[in-house]
A.B. asks: 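First, the structure itself, so that you have it in front of you.
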2 protein chains.
Amino acid sequence: MEHAMPRSAGHESLDQMLSVFGATPVVTDPSQLRAAETATFEIHRTIPMIVRPETREQVQECVRAANRERIAIYPVSTGKNWGYGSSVPTADRCVLVDLSRMNRILDFNEKLGYVTVEPGVTQRQLYQFLQDKGSRLWMDATGSSPDCSVIGNTVERGFGHTVYGDHFANVCGLEVVLPSGELLHTGFGGLPGANATEVYRWGAGPSLDGLFSQSNFGIVTRMTIWLMPAPEYFQAYFFQSSEEDSLAGFIEALRPLRMDGTLRSTVHIANDYKVLNGIQQFPWQEQMPLSRETMKRYQKTLKFGRWSGSGALYGSKGQVAEAAKRVRRALTGRVSKLEFLDDHRLAVAARFARPYRWITGWDLSRTLELVRPVYGLMKGVPTDATMASAYWRKKTPPPASPDPNRDGCGLIWYAPVAPADGGSVTTLVRIAEDTLLDHGFEPMISLTMIAERSVACVISIAYDRDVPGEDSKAITCYEELSHRLTSRGYYPYRLGIQSMSLLDSDRSRSEFLTSLKKSLDPNNVLSPGRYLTSEAGDRR
Amino acid sequence: MEHAMPRSAGHESLDQMLSVFGATPVVTDPSQLRAAETATFEIHRTIPMIVRPETREQVQECVRAANRERIAIYPVSTGKNWGYGSSVPTADRCVLVDLSRMNRILDFNEKLGYVTVEPGVTQRQLYQFLQDKGSRLWMDATGSSPDCSVIGNTVERGFGHTVYGDHFANVCGLEVVLPSGELLHTGFGGLPGANATEVYRWGAGPSLDGLFSQSNFGIVTRMTIWLMPAPEYFQAYFFQSSEEDSLAGFIEALRPLRMDGTLRSTVHIANDYKVLNGIQQFPWQEQMPLSRETMKRYQKTLKFGRWSGSGALYGSKGQVAEAAKRVRRALTGRVSKLEFLDDHRLAVAARFARPYRWITGWDLSRTLELVRPVYGLMKGVPTDATMASAYWRKKTPPPASPDPNRDGCGLIWYAPVAPADGGSVTTLVRIAEDTLLDHGFEPMISLTMIAERSVACVISIAYDRDVPGEDSKAITCYEELSHRLTSRGYYPYRLGIQSMSLLDSDRSRSEFLTSLKKSLDPNNVLSPGRYLTSEAGDRR
């Protein structure tokens with residue numbers, strides 16, 4: 001790469017490298033390095049060393065050292081970027097900067113509803129913090145591991161399930177270590193004594209927050225996260241339909257409610273494969289991939305639909321009742337089942353699960369086990385139940401402490417965005433399902449009505465990395481999927497580390513970003529190739 | 001200025017200049033140039049020429065010509081940046097690029113609720129467009145002139161009165177002419193055939209929209225504006241209190257409703273001076289400035305409070321009723337008056353205005369005249385009623401076609417942000433009122449609960465520019481106000497052209513912006529000094 005490609009780190013001896021980062025703790029243990037090089041799909045990147053700064057000052061030191069020595073560095077918060085590359089860098093031979101030790105909660109305001117955190121703060125930690133404080137505020141949790149970083153997910157523009165589900169839309173006041181080692185505060189953050197840093201997003205002058213999401217322009221070392229007040233009343237709704245073509249109707253029926261503010265949080269719709277993936281591992285008595293006919297059988301036996309949806313209502317009893325009435329009206333005639341669930345009903349169900357089974361033979365407690373994590377996510381409670389789905393095609397059950405990297409779980413996520421239009425979403429899903437089935441994978445798909453007008457679709461390619469040939473089959477499928485979808489105008493909201501060139505067709509944008517990158521990081525030491533490919537990086 | 005300061009335009013003869021911009025229409029008529037150099041406060045900038053591009057290609061040509069000839073250019077949409085500098089550039093001898101002829105509405109989608117416009121599209125034009133289409137969508141209008149540009153207000157991060165009141169938070173898909181003359185599309189906009197450009201804000205990779213708000217990094221030539229669906233039912237609420245210290249209570253009572261989603265739109269609170277300013281011109285029989293005691297008299301006579309608030313509820317009848325109940329509960333005991341108004345009540349009041357006056361002697365139609373524009377703004381209807389307030393201290397009444405620049409209206413706006421905390425807002429208002437009174441001006445203040453956690457305060461210094469000495473008195477007052485407020489941590493959300501150095505105390509940020517600017521605009525031809533002062537621009 002011509003653009004000031006940093007000397008690759010391996011050119012020095014380990015001893016030389018060790019001295020570079022001064023007082024910052026380093027890891028050189030080969031087994032830890034190999035673990036950090038492992039994702040949930042095949043990717044080859046050598047990580048010569050991991051540094052684990054404990055303070056912002058150490059992050060600054062690392063960045064300065066990297067510039068001095070022309071060593072590429074690659075920060076991760078906790079490295080739990082499952083399905084998109086875990087902790088593996090976009091370029092070979094980067095020193096990994098693991099920020100997980102910077103895990104302080106620096107500020108908390110119950111009245112104004114925010115918390116200021118460092119990148120090592122996990123979902124679990126933040127949740128526990130709020131519990132310990134007896135806070136009436138809810139975080140928003142993404143359905144990934146409770147051990148994933150709140151900042152990490154937010155700068156990747158991940159999403160969750162409450163009113164604050166669009167994570168990056170609900171933060172402000174970033175502190176960023178620039179590639180130069182200098183500090184930058186966004187919004188009002190750098191102004192002496194500013195009162196509104198934590199509560200007003202824009203500040204004055206150019207708004208810079210967006211520059212540091214999905215980018216390699218800086219390392220976010222601090223961020224204020226807005227928290228929603230726990231509502232007086234909460235009610236979840238679940239719906240399903242066995243009709244193939246009911247999906248378009250769901251979108252058409254719910255979009256107006258999303259747009260008029262009746263539905264203030266994301267709505268989640270899963271196809272049958274996705275639900276089965278949530279319930280159990282691959283049923284090995286069946287042929288691979290599970291055909292649509294087989295799935296119909298499972299829909300009947302396990303009582304789920306071709307499409308299953310969920311969402312939640314937040315407010316006073318009266319507000320929720322009014323919203324529920326509107327949801328019911330919108331979905332009537334479109335669903336085979338629509339149920340509302342609140343804390344009271346959930347508690348009653350749990351109490352009667354055992355006698356219920358005794359009388360009816362139906363294991364209600366199993367149903368509850370499935371519903372609880374989803375229900376919890378809609379209240380901002382992180383769950384570890386979803387991690388099991390990465391073990392879909394493993395022959396052994398998910399372990400108590402799941403680690404998809406370690407356990408050879410194959411998982412590639414691809415997440416295109418569509419307008420909240422029934423026809424457009426249906427086309428997207430059809431292409432995705434056909435492509436995965438063509439390549440021998442079960443098309444597990446969820447659709448999230450992430451904002452008023454748009455739907456984010458998450459497609460999982462799940463397989464067993466320990467089966468020879470599957471890694472390359474999965475990548476072939478992924479590439480074909482990406483090709484078919486982008487050629488129809490469906491672009492992903494987020495990129496895996498193997499696919500950073502996906503946006504290169506927008507040449508003006510690539511040139512613009514490259515020019516920014518050269519200005520901010522002339523030695524190209526920070527996460528080379530992240531959301532900015534070498535091809536673009538090369539150009540002068 | 002050392003940083004590649006463009007040759008100032010006046011160094012050529014007009015003939016030479018004329019040829020520079022090729023086919024783009026130019027204006028050299030001295031009276032039009034002088035008009036463009038005039039703001040609502042004293043500021044001296046010579047504008048040697050105005051160019052009026054009609055297409056994006058002409059904008060690109062202008063930018064390229066500016067680079068070739070090292071001429072500084074300064075784009076304005078329609079130049080109605082009242083109180084912050086009108087159309088006057090931040091630097092002397094810039095060629096004004098007037099974008100008002102680029103006034104096409106390029107795309108419109110009733111179902112997904114958006115419109116794509118050029119910078120010359122005015123509030124009036126967009127409103128009329130929606131009326132003509134028989135659309136069920138509402139725009140959000142700012143309380144400035146109907147002839148102000150929708151894009152202009154949005155890139156300055158102005159705000160309005162509906163659910164979509166935070167303008168910049170409700171747009172996406174910007175098309176930008178960069179200082180190089182190249183085009184850039186934000187979000188998914190530059191990707192071939194992208195489906196979600198108009199509906200999904202972030203795109204993939206770094207989010208760049210914010211860079212082009214309050215900045216001199218590019219010229220926005222196209223933008224998609226989201227529109228809210230007209231609610232089934234609309235109800236406005238008005239409240240007031242004569243108690244000095246009720247302001248803090250209002251903020252404390254309403255913030256929880258803003259945070260829990262009961263209040264989805266901005267709440268507007270005005271002090272007594274602001275209300276009087278909305279009703280009439282300066283009462284010349286009184287002493288200047290109007291004292292607090294005098295104001296108490298006016299509060300009684302004209303039946304307004306020390307603090308008057310308004311806001312609106314949007315939804316189904318049931319949703320609005322529930323929200324109204326919560327508003328009533330929150331404000332009970334804090335207000336001397338709380339009224340709800342809907343279309344039906346407004347129509348009835350209008351029908352009975354004449355007999356009502358005949359019976360009671362109270363001119364209800366006068367009240368309606370005052371209420372209607374505010375009521376309309378809450379439904380996204382632009383109004384020209386607010387322009388009259390700029391004529392506060394003029395001795396002649398506001399003309400039918402108001403033009404504050406032309407008519408010597410003195411008006412300086414200063415708009416600091418506070419957390420939505422009763423104590424903090426009260427402190428801010430106290431400082432502002434004291435400072436203006438100390439300097440002989442009536443402190444006209446509005447507070448807008450612009451987002452869940454923050455309040456934007458707009459302070460007007462209104463005077464008569466034709467009275468000798470007033471211009472400099474106003475600037476002195478402004479500077480003192482800015483000094484007192486920033487030293488207490490209250491920074492403005494937006495800067496007037498005379499105050500672009502206000503954020504210089506954040507040196508890291510200035511350096512960061514300067515480095516971006518040098519990279520994007522090496523010849524510094526685009527709006528030199530706009531949100532980036534020469535002091536910072538100088539530094540190497």
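Below, read A as the first sequence line, B as the second, and so on, with proteins coming before strands; counting in each chain starts at 1. Quick caveat, the model's predicted, so the values are computed rather than measured.
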A.B. asks: Name the option with the most non-hydrogen atom pairs under 4.5 Å to chain B; the candidates are A/Phe212, A/Tyr314, A/Phe512.
C.D. replies: A/Phe512
A.B. asks: Parallel, tilted or perpendicular for B/Trp202 and A/Phe168, by the 30°/60° rule?
C.D. replies: perpendicular
A.B. asks: What part of A/Asp209 gets closer than 4.5 Å to chain B, counting heavy atoms only: side chain, backbone, both or neither?
C.D. replies: neither
A.B. asks: Given heavy-atom pairs under 4.5 angstrom as the criterion, report whether the side chain, backbone, both or neither of B/Arg509 touches chain A.
C.D. replies: both
A.B. asks: Chain B heavy atoms under 4.5 Å from A/Leu208: which part of the residue, side chain, backbone, both or neither?
C.D. replies: side chain
A.B. asks: For A/Arg157 and B/Gly203, indicate whether the former's side chain and the latter's backbone hold a donor-acceptor pair under 3.5 Å.
C.D. replies: yes
A.B. asks: Looking only at heavy atoms and a cut-off of under 4.5 Å, which of B/Leu183, B/Asp506, B/Asp260, B/Asn195 has the most pairs with chain A?
C.D. replies: B/Asn195
A.B. asks: Please classify the contact between A/Tyr490 and chain B as side chain, backbone, both or neither, with a heavy-atom cut-off of under 4.5 Å.
C.D. replies: both
A.B. asks: So what's closer than 4.5 Å to chain B heavy atoms on A/Leu428: side chain, backbone, both or neither?
C.D. replies: neither
A.B. asks: Among the options A/Gly190, A/Ala418, A/Gly193, pick out the one with the most heavy-atom pairs lying under 4.5 Å from chain B.
C.D. replies: A/Gly190
A.B. asks: Does any backbone or side-chain atom of A/Ala194 lie under 4.5 Å from a heavy atom of chain B? Answer side chain, backbone, both or neither.
C.D. replies: both
A.B. asks: Where does A/Ser180 contact chain B at under 4.5 Å (heavy atoms): side chain, backbone, both or neither?
C.D. replies: neither
A.B. asks: Could you tell me which portion of A/Glu252 (side chain, backbone, both or neither) has an atom closer than 4.5 angstrom to a non-hydrogen atom of chain B?
C.D. replies: side chain
A.B. asks: Heavy-atom cut-off 4.5 Å, strictly under: side chain, backbone, both or neither for B/Lys111 against chain A?
C.D. replies: both
A.B. asks: Which residue out of B/Thr262, B/Val155, B/Thr197, B/Leu495 racks up the most heavy-atom pairs below 4.5 Å with chain A?
C.D. replies: B/Thr262
A.B. asks: Quick one: what part of A/Glu322 sits under 4.5 Å from any heavy atom of chain B, side chain, backbone, both or neither?
C.D. replies: side chain
A.B. asks: For chain B, which of A/Glu198, A/Arg488, A/Met259 has the most heavy-atom pairs under 4.5 Å?
C.D. replies: A/Met259
A.B. asks: Is it the side chain or the backbone of B/Arg201 that comes within 4.5 Å of chain A heavy atoms, both, or neither?
C.D. replies: side chain
A.B. asks: Which residue out of A/Ser454, A/Ala204, A/Gly261 racks up the most heavy-atom pairs below 4.5 Å with chain B?
C.D. replies: A/Ala204
A.B. asks: In the structure I gave you, are the side-chain heavy atoms of B/Val455 and A/Val199 within less than 4.5 Å of one another anywhere?
C.D. replies: no
A.B. asks: Quick one: closest heavy-atom pair of A/Gly205 and B/Leu503, and the distance?
C.D. replies: N-CD1, 4.3 Å
A.B. asks: By a 4.5 Å heavy-atom criterion (distance strictly below it), what part of A/Leu257 contacts chain B: side chain, backbone, both, or neither?
C.D. replies: neither
A.B. asks: Out of curiosity, B/Leu211 CG to A/Leu211 CG, how far, rounded to the nearest 0.5 Å?
C.D. replies: 4.5 Å
A.B. asks: Non-hydrogen atoms of chain B under 4.5 Å away: do they reach the side chain of A/Pro492, the backbone, both or neither?
C.D. replies: backbone
A.B. asks: Go through the atoms of A/Ala321 and report whether side chain, backbone, both or neither lie under 4.5 Å from a heavy atom of chain B.
C.D. replies: neither
A.B. asks: Using a cut-off of under 4.5 Å on heavy-atom pairs, state which of A/Pro416, A/Pro419, A/Ser215, A/Ala456 scores highest against chain B.
C.D. replies: A/Pro419
A.B. asks: Report the option among B/Arg494, B/Glu182, B/Met228, B/Arg255 that has the most heavy-atom pairs separated by less than 4.5 Å from atoms of chain A.
C.D. replies: B/Arg255
A.B. asks: Please look at A/Tyr493 and chain B and tell me whether the side chain, the backbone, both or neither of the residue comes under 4.5 angstrom of a heavy atom of that chain.
C.D. replies: both
A.B. asks: Please identify, among B/Ala169, B/Ala451, B/Ala230, B/Gly315, the residue contributing the most non-hydrogen atom pairs under 4.5 Å to chain A.
C.D. replies: B/Ala169
A.B. asks: Relative to chain A, which segment of B/Thr186 carries a heavy atom at a distance below 4.5 Å: side chain, backbone, both, or neither?
C.D. replies: neither
A.B. asks: Rounded to the nearest 0.5 Å, how far does OG of A/Ser519 lie from CG of B/Leu516?
C.D. replies: 5.5 Å
A.B. asks: Select, from B/Ser316, B/Ser508, B/Ala420, B/Ala196, the one with the greatest count of heavy-atom pairs under 4.5 Å involving chain A.
C.D. replies: B/Ser316
A.B. asks: Using a cut-off of under 4.5 Å on heavy-atom pairs, state which of A/Glu232, A/His185, A/Glu452, A/Gln214 scores highest against chain B.
C.D. replies: A/Gln214
A.B. asks: Which bit of B/Tyr491 is near chain A, if near means a heavy-atom gap under 4.5 Å: side chain, backbone, both or neither?
C.D. replies: both
